[in-house]
Amino acid sequence: MTFAELHRTGKPLLLPNAWDYASAAVLVAEGFAAIGTTSLGVAAAAGLPDGTGATKDETVALARRLTRLPCYVTVDIEGGFSDDPGEVAALGAELASLGVAGVNIEDGRDGGRLAEPAHQQRLIAALKDAAPGLFVNARTDTHWLGTGEDPVARVRAYRDAGADGVFVPGLTDETTIAAVVAAVDVPVNVLAGPPLRRLAELGVRRVSCGSLLFRAALEAVVRTVDAVAADGAIPPVPSYADVQALSSPGTAAAPRWPGSPAAPR
């Protein structure tokens, strides 16, 4: 299947989000056909703030590494790392040349602002003109920022500009989800939270993990070191050899992870 076809299988595409090569490789080993990136994870790992356009170099470098993996890769480019359509187009063309299948571009801006819809349309159109094969997932932060604005007008505007899919993070109300799905004829993406089966019934076609896995990894770091400090039981962790295998050509598809269905029991 193409990346676009993964959104039209009759059930939502569950998209886990990685922040480095190892986190993406272990997700591929778990059988995921497509991996997204998390801008929070990329930014925090580099010691930079998220959502401020500060991580363009880190994002492109990560994309270059992830396209070595046998999976589709879609990249979170925040607001495009520029308000200049030409610069956003150049970024899209560069990512497409690396083998990236899609991008996520948001209308949220630092300071809790939303971009003007017409300007965001220009950025989306620029991406599609520069890289027609790139799956552009257009995110609106109406709910994420708590603006109170109905997302329907924005998702329609972004669809009209050429977006292949639309994303409303923070959306959990079933009535509003159904209204967004009914408003556009492109796949609708929400964040993980509500049951996947119910989201499928509502017509959602993509469910992203966002920064969830990165935040869970940080929690696991603290939980594990606290167990060491307290002479407690250390949770099961991957072996050194399993992690090494992720970076060895041809072996990333079969490491055995604690708790994984593939792990020995």
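Reckoned from all heavy atoms, side chains included, excluding hydrogens, waters and symmetry mates.
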[atom1]/[X] to [atom2]/[Y] distance, rounded to the nearest 0.5 angstrom?
X: Arg156; Y: Asp185; atom1: CZ; atom2: CG; result: 10.5 Å
X: Thr37; Y: Trp19; atom1: OG1; atom2: CH2; result: 12.0 Å
X: Asn104; Y: Phe135; atom1: CG; atom2: CZ; result: 10.0 Å
X: Ile124; Y: Ile105; atom1: CD1; atom2: CD1; result: 6.5 Å
X: Phe167; Y: Tyr158; atom1: CZ; atom2: OH; result: 14.0 Å
X: Arg64; Y: Leu95; atom1: CZ; atom2: CG; result: 9.0 Å

- Message: Determine whether Val28 and Ile35 satisfy the following criterion, side-chain contact (heavy atoms from CB on, under 4.5 Å), listing intermediate values before the conclusion.
- Response: CA-CA 8 Å; Val28 173; Ile35 308 296; 4.1 Å; yes
Between [Y] and [X], is there a side-chain heavy-atom distance shorter than 4.5 Å?
X: Leu202; Y: Val181; answer: no
X: Thr140; Y: Val166; answer: no
X: Leu13; Y: Arg205; answer: no
X: Tyr21; Y: Ser247; answer: yes
X: Val60; Y: Leu98; answer: yes
X: Val188; Y: Val168; answer: no
X: Ile177; Y: Val204; answer: yes
X: His119; Y: Leu123; answer: yes

- Query: So among Arg122, Arg113, Arg109, which one has a salt bridge (charged side-chain N to carboxylate O under 4.0 Å, His left out) with Asp83?
  - Reply: Arg109
- Query: What residue among Asp141, Asp107, Asp160 forms salt bridge (charged side-chain N to carboxylate O under 4.0 Å, His left out) with Arg154?
  - Reply: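 The passing option is Asp107.
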Least distance between heavy atoms, [X] atom then [Y] atom:
X: Gln120; Y: Glu106; result: NE2-O, 2.8 Å
X: Pro16; Y: Ala34; result: CD-O, 3.5 Å
X: Leu196; Y: Pro12; result: O-CG, 4.1 Å
X: Ala89; Y: Ala126; result: CB-O, 3.6 Å
X: Trp144; Y: Gly170; result: CE3-N, 3.6 Å
X: Val207; Y: Leu191; result: CG1-C, 4.0 Å

- Electrostatic pair Arg65:Asp20 at N-O distance under 4.0 angstrom: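 Salt bridge flag = no for Asp20 with Arg65.
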- Message: Between Arg8 and Glu5 (salt bridge meaning N to carboxylate O under 4.0 Å), is one present in this structure?
- Response: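 Judged by the 4.0 Å cut-off on N to carboxylate O distance, Arg8 and Glu5 do not form a salt bridge.
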Is there a path of hydrophobic side-chain contacts, each under 4.5 Å between heavy atoms of I, L, V, M, F, W or Y residues, that connects [X] with [Y]?
X: Leu15; Y: Val103; answer: no
X: Val180; Y: Leu145; answer: no
X: Val100; Y: Met1; answer: no
X: Val42; Y: Val88; answer: yes
X: Val186; Y: Val152; answer: yes

- Output all residues satisfying salt bridge (charged side-chain N to carboxylate O under 4.0 Å, His left out) with Glu78, sequence neighbours left out; order by chain, then residue number. none
- Task: Taking atom types as modelled, find out whether Asp50 and Ser39 have a side-chain donor-acceptor pair closer than 3.5 angstrom.
- Result: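 On atom types as modelled, these side chains qualify, holding a pair under 3.5 Å.
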- Query: Taking only residues two or more places apart in sequence, or in another chain, which ones meet Asn189 in a side-chain hydrogen bond (donor to acceptor under 3.5 Å, both in side chains)?
  - Reply: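 Asn189: side-chain hydrogen bond (donor to acceptor under 3.5 Å, both in side chains) contacts with Asn137, Arg206, Ser208.
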[X] side chain to [Y] backbone, donor-acceptor under 3.5 Å:
X: Asn17; Y: Cys209; answer: yes
X: Thr142; Y: Asp150; answer: no
X: Ser211; Y: Phe214; answer: no
X: Lys56; Y: Ile77; answer: no
X: Thr55; Y: Glu58; answer: no

- Could you please spell out the steps behind the side-chain contact (heavy atoms from CB on, under 4.5 Å) verdict for Leu213 and Leu27? CA-CA 11 Å; Leu213 303 183; Leu27 291 167; 4.1 Å; yes
- Task: Before giving the answer on side-chain contact (heavy atoms from CB on, under 4.5 Å), spell out for Thr38 and Asp76 the whole-Å C-alpha distance, their side-chain angles and the decisive distance to 0.1 Å.
- Result: CA-CA 6 Å; Thr38 161; Asp76 187 338; 5.8 Å; no
- Return each pair, listed once, that meets ring-ring contact (aromatic ring centres under 6.0 Å, His included) where at least one residue sits in residues 73-110; pairs must be two or more places apart or across chains. none
